[in-house]
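Report on the following structure.
All values below were derived from every heavy atom in this structure, side-chain atoms included, with hydrogens, water molecules and symmetry-related copies excluded. Here the structure is a predicted model, which is why all the values come from computation and not from measurement.
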Number of protein chains: 2
Amino acid sequence: MSTAEERADSDLQSWAEVTPDAARRLLLAAVEAFAERGYHATTTRDIASRAGMSPAALYIHYKTKEELLHRISRIGHEKALEILRTAARREGSATERLADAVSSFVRWHARGRTTARVVQYELDSLGPDARAEILALRRQVDAEVRGIIEEGAASGEFDVLDVQGTTLAVLSLCIDVARWFNVDGPRTPEEIGELYADLVLRMVGAKKAGHGVGKAEGQGRIPVDGPGPRGR
Amino acid sequence: MSTAEERADSDLQSWAEVTPDAARRLLLAAVEAFAERGYHATTTRDIASRAGMSPAALYIHYKTKEELLHRISRIGHEKALEILRTAARREGSATERLADAVSSFVRWHARGRTTARVVQYELDSLGPDARAEILALRRQVDAEVRGIIEEGAASGEFDVLDVQGTTLAVLSLCIDVARWFNVDGPRTPEEIGELYADLVLRMVGAKKAGHGVGKAEGQGRIPVDGPGPRGR
DNA sequence: GGGGACGCTAAGCGCCCGCTCATCCTCGGC
DNA sequence: GCCGAGGATGAGCGGGCGCTTAGCGTCCCC
């Protein structure tokens with residue numbers, strides 16, 4: 001179901017491209033802190049101390065606190081785009097590719113909830129230039145999903161009235177997983193990925209839905225909504 | 001440009017229950033500020049000046065900044081619950097009631113995006129007691145939607161594998177509207193409500209979907225996702 | 001028309017913020 | 001054995017934070 005590598009960090013994000021080591025530790029600490037308390041509520045002192053360094057050390061590797069957010073956001077969006085591209089461009093019917101795209105995108109949001117929260121919800125905290133750059137990536141994300149839905153609609157595989165609106169809803173559904181997913185909850189990222197892929201295929205009117213998905217039934221309550229972090 | 005009071009109308013939230021007048025103006029100013037910049041990034045000086053008062057005036061009507069957020073959150077959740085209850089308890093088939101619940105819930109999130117953002121995304125900023133109170137309201141919100149889906153599933157009107165998971169997804173889809181909806185975008189809250197009601201009926205496998213919804217087709221692009229505020 | 005209650009403000013308290021800087025430690029090259 | 005470069009630090013800057021307090025005007029009640 002998942003490789004050892006994927007399970008290695010609860011976050012399945014490698015961050016290997018960030019060097020040197022101290023810079024990566026600071027970035028990781030910032031992801032955690034931003035996800036828990038939000039960008040504006042996080043202090044540079046908090047980030048530095050999570051990384052086991054003095055407050056001033058941060059400024060050797062990053063010009064400002066915002067640069068940290070920018071780097072996290074770009075790397076995260078690139079990873080999200082890569083996941084969707086891989087699913088969109090594999091072989092198979094539009095149904096198979098859409099199910100793959102949704103389930104892997106959802107798994108990423110659930111498993112890497114910490115990163116995904118920062119990536120998806122702190123966009124407004126970026127300055128205008130950085131935000132424009134990230135928005136360009138988001139447009140590509142949108143285009144990948146829209147592409148699959150368009151193909152399915154064109155071939156008659158799907159039954160969709162409003163392609164752009166449906167695309168928006170599908171992405172919205174996946175992204176919001178980062179808000180409510182609880183690591184201690186009753187569902188695994190894989191289960192949610194499967195459930196969501198089935199729901200999305202129904203949304204686009206795919207001819208044959210997820211056939212015998214089974215097993216998803218009757219597994220107790222989920223804690224409503226409880227937006228999760230804070231604990232520490 | 002316009003006062004907080006004037007802009008609040010676009011919000012369809014009355015706030016009439018908040019008295020005296022100065023306390024209501026402060027609350028409205030806080031809603032705006034929290035929605036734009038987030039609770040932690042909003043200063044009491046900003047709230048007071050938006051309400052046309054001195055910084056100290058805030059503390060005549062509210063003990064702390066957090067009390068403002070608590071009041072906003074409780075009033076908002078009560079309104080959300082009222083909307084869903086009204087839809088859930090009217091006469092009609094489960095299909096009709098679910099469509100009504102979704103479309104009116106979505107309209108509230110789109111029209112009152114400012115309020116809804118604070119209500120749905122600033123839960124973590126509350127202290128433990130206040131948050132526990134709000135979470136109880138959220139459990140009731142969840143129960144209303146789950147109730148409709150259960151009835152539809154029991155009567156054979158719907159085809160649902162995982163009632164709780166589907167409930168979660170439906171609520172998630174509606175709530176996330178507050179994140180991406182753009183007042184200047186191409187879609188009206190009513191159009192999104194209709195689209196989403198149709199999508200949700202498909203998700204639960206309702207026998208007859210939204211029949212000839214029509215008109216939703218081909219109305220140009222939406223601006224990807226752009227999470228909006230910040231403008232000022 | 002005197003007096004207290006109320007709504008509000010100017011001033012400011014103690015604290016912590018993002019960020020800087022002079023200094024120090026460590027380590028590879030010669 | 002000495003030196004320079006770069007990573008890391010303790011101290012601290014200017015400023016803004018949430019919130020308090022002393023006092024002022026404006027009403028209502030008698």
OP1 or OP2 of [N] under 4.0 Å from side-chain N/O of [X]:
| X | N | answer |
| --- | --- | --- |
| A:His40 | C:dC17 | no |
| A:Tyr59 | C:dC19 | yes |
| B:Thr44 | D:dG18 | yes |

Measuring only between side-chain heavy atoms, which start at C-beta, is [X] closer than 4.5 Å to [Y]?
| X | Y | answer |
| --- | --- | --- |
| A:Val145 | A:Ile149 | yes |
| A:Arg74 | A:Val119 | no |
| A:Val200 | A:Phe105 | no |

So does B:Arg45 reach the base of D:dG18 with its side chain, donor to acceptor, closer than 3.5 Å?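 When only heavy-atom distances are counted, B:Arg45 does reach the base of D:dG18 through a donor-acceptor pair under 3.5 Å.
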salt_bridge(B:Arg146, B:Glu150) N-O dist < 4.0 Å: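 Looking at B:Arg146 and B:Glu150, the cut-off is met.
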Rounding to a whole Å, what distance do you find between [X]:[atom1] and [N]:[atom2]?
| X | N | atom1 | atom2 | result |
| --- | --- | --- | --- | --- |
| B:Lys65 | D:dG18 | NZ | P | 4 Å |
| A:Leu26 | D:dG7 | CG | C1' | 12 Å |
| A:Asp21 | D:dA8 | CG | C1' | 14 Å |
| A:Leu58 | C:dG18 | CG | P | 9 Å |
| A:Ile60 | C:dC21 | CD1 | C1' | 12 Å |

A:Thr43 near the nucleic acid: base, sugar-phosphate alone, or nothing, with a heavy-atom cut-off under 4.0 Å? sugar-phosphate
For the side chain of A:Ala57, counting heavy atoms from C-beta on, which of C:dC19, D:dT9, C:dT9 is nearest?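 The answer is D:dT9, which lies nearest to the side chain.
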